[in-house]
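All residue numbers refer to positions in the sequence shown, counting from 1.
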Amino acid sequence: MPDHLPTVYVDFTERFPDVAEAQGEMARRIRERTPYDEATNRLLKLALAIGAESEGAVRSNTRKALQHGSSPDDLRSIALLAITTCGFPASVAALGWMQEVFDRETP
């Protein structure tokens, strides 16, 4: 598995491969039902992850959004938009998690 996957996720998939496979299948089916392209899906999922204050999901969707052409400034804008809906602490935390991904993934 790629080195950027959290150990807890890798351990889960190794311990419960059938559950991980079922979750992956559900995610695939949901993606097929959405009208959005993959880049837009990543932006939406990033916004949801910020609202949920999910560090792993913020990191993952930041990385994937970069791979689909979003710039760090594009992604920071999402975190800033979240201030009035999700709260200042959630947004600031997300900006920190995102910056760590930027430092690792962008030249």
Contact between Asp11 and Glu14 at the side-chain level, heavy atoms closer than 4.5 Å - yes or no?
yes
Salt bridge check, Arg28 against Glu25: does any charged N sit closer than 4.0 Å to a carboxylate O?
yes
For Arg76 and Gln99: C-alpha separation, side-chain torsions, deciding distance, then whether side-chain hydrogen bond (donor to acceptor under 3.5 Å, both in side chains) applies.
CA-CA 9 Å; Arg76 286 184 190 104; Gln99 188 61 51; 3.0 Å; yes
Side-chain heavy atoms under 4.5 angstrom apart, residues restricted to Ile, Leu, Val, Met, Phe, Trp, Tyr: same cluster for Phe102 and Ile78?
yes
Give, for atom NZ of Lys64 and atom CG of Asn41, the distance between the pair rounded to the nearest 0.5 Å.
11.0 Å
What do the steps show when you test Asp74 against Ser77 for side-chain hydrogen bond (donor to acceptor under 3.5 Å, both in side chains), and what is the final call?
CA-CA 5 Å; Asp74 295 336; Ser77 294; 5.9 Å; no
Taken to the nearest 0.5 Å, the spacing of Leu95 CG from Met98 CE works out to 6.0 Å
Side chain to side chain contact (heavy atoms under 4.5 Å, CB included) between Leu44 and Asn61, intermediate numbers included
CA-CA 9 Å; Leu44 291 168; Asn61 286 291; over 6 Å; no
Any side-chain heavy-atom pair from Leu80 and Ser91 closer than 4.5 angstrom?
no
Sorted by first residue and then second, give each salt bridge (Lys or Arg N to Asp or Glu O under 4.0 Å) pair with at least one member in residues 45-56; sequence neighbours left out.
Glu55-Arg59
Please name the pair of heavy atoms, one in Ala90 and one in Cys86, separated by the smallest distance, quoted to 0.1 Å.
CB-O, 3.9 Å
Apart from Phe16 itself, what residues make up its hydrophobic cluster, given side-chain heavy atom links below 4.5 Å?
Phe12, Val19
For Thr85 and Leu81, what are the C-alpha separation, side-chain angles and deciding distance, and is it a side chain to side chain contact (heavy atoms under 4.5 Å, CB included)?
CA-CA 8 Å; Thr85 304; Leu81 285 169; over 6 Å; no
Please round to the nearest 0.5 Å and tell me the distance separating atom CG of Asp18 and atom CD of Gln23.
12.5 Å
How far apart are the closest heavy atoms of Ala79 and Ile50, and which atoms are they?
CA-CD1, 3.8 Å
Measuring from atom NE2 of His68 to atom CZ of Arg42, what distance do you get when rounded to the nearest 0.5 angstrom?
7.0 Å
Over 12 non-hydrogen atoms of neighbours within 6.0 angstrom of CD in Glu21
no
Mind running side chain to side chain contact (heavy atoms under 4.5 Å, CB included) on Thr62 and Trp97 for me, showing each step along the way?
CA-CA 9 Å; Thr62 296; Trp97 299 327; over 6 Å; no
Show every salt bridge (Lys or Arg N to Asp or Glu O under 4.0 Å) that has at least one partner inside residues 77-91, sequence neighbours left out.
none
